[in-house]
Amino acid sequence: MNRSQLIDRKHQVIAEIQRTRRELERERSRSASQSKLRQLETRLDGLMAEEGRLRREIDRARD
C-alpha cells in the first residue's frame with residue numbers, strides 16, 4: 001500500500017475503534033454476557049494494534 005492508502009485505512013480503523021468502544025460500553029451497561037464482552041474487547045485490542053502498525057507504516061512510507 002502506498003502512504004495515502006495506509007492513511008485511508010487508518011481512518012477506517014479509527015472509526016471502527018470508536019464504534020466498537022461505543023458498543024462495548026452499551027453492552028457493559030446492559031450487563032451482557034462475559035463472552036460477548038470478551039469478544040468486543042478482543043476486537044478492540046486487534047483494531048488498536050492494527051492502528052499502531054498503520055501509524056508506523058505511514059511514518060516509513062513515502063508517496
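Numbering starts at 1 and runs along the sequence shown.
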> Would a hydrophobic clustering, with Ile, Leu, Val, Met, Phe, Trp and Tyr connected at side-chain separations under 4.5 Å, put Met48 with Ile14?
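No, because Met48 and Ile14 fall into different hydrophobic clusters, even though each may have its own neighbours under 4.5 Å.
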> State plainly whether the residues Arg55 and Glu51 are in salt-bridge range, i.e. N to O under 4.0 Å.
yes
> How long is the gap from CG on Leu40 to CG on Leu44, to the nearest 0.5 Å?
8.5 Å
> Charged N to carboxylate O below 4.0 Å: is that the case for Glu25 and Arg28?
yes
> Arg38 vs Glu41, test: salt bridge (Lys or Arg N to Asp or Glu O under 4.0 Å). Steps then yes/no.
CA-CA 5 Å; Arg38 274 193 304 274; Glu41 289 166 348; over 6 Å; no
> Could you pull out the closest heavy-atom pair between Ala32 and Leu37, with the gap in Å?
O-CD1, 3.9 Å
> Out of Arg21, His11, Arg43, which residue meets the side-chain hydrogen bond (donor to acceptor under 3.5 Å, both in side chains) rule with Glu16?
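Going through Arg21, His11, Arg43 one by one, the side-chain hydrogen bond (donor to acceptor under 3.5 Å, both in side chains) with Glu16 is satisfied by Arg43 alone.
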> Taking atom CG of Leu6 and atom CG of Leu54, what is their separation to the nearest 0.5 Å?
6.0 Å
> Quick one: does any side-chain atom of Gln5 pair with a main-chain N or O of Asn2 as donor and acceptor, under 3.5 Å?
yes
> Do you know which two heavy atoms are closest between Leu47 and Val13, and how far apart they sit?
O-CG1, 3.4 Å
> If you measure from CG on Leu24 to NZ on Lys36, what distance do you get to the nearest 0.5 Å?
10.0 Å
> Can Arg9 and Gln12 be counted as having a side-chain donor-acceptor contact under 3.5 angstrom?
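Yes.
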> Can you tell me how far apart OG1 (Thr20) and CD (Gln39) are? Round to the nearest 0.5 Å.
10.0 Å
> Please test Arg60 against Glu57 for salt bridge (Lys or Arg N to Asp or Glu O under 4.0 Å), starting from the C-alpha separation and ending with a verdict.
CA-CA 5 Å; Arg60 288 190 296 257; Glu57 285 185 42; 5.3 Å; no
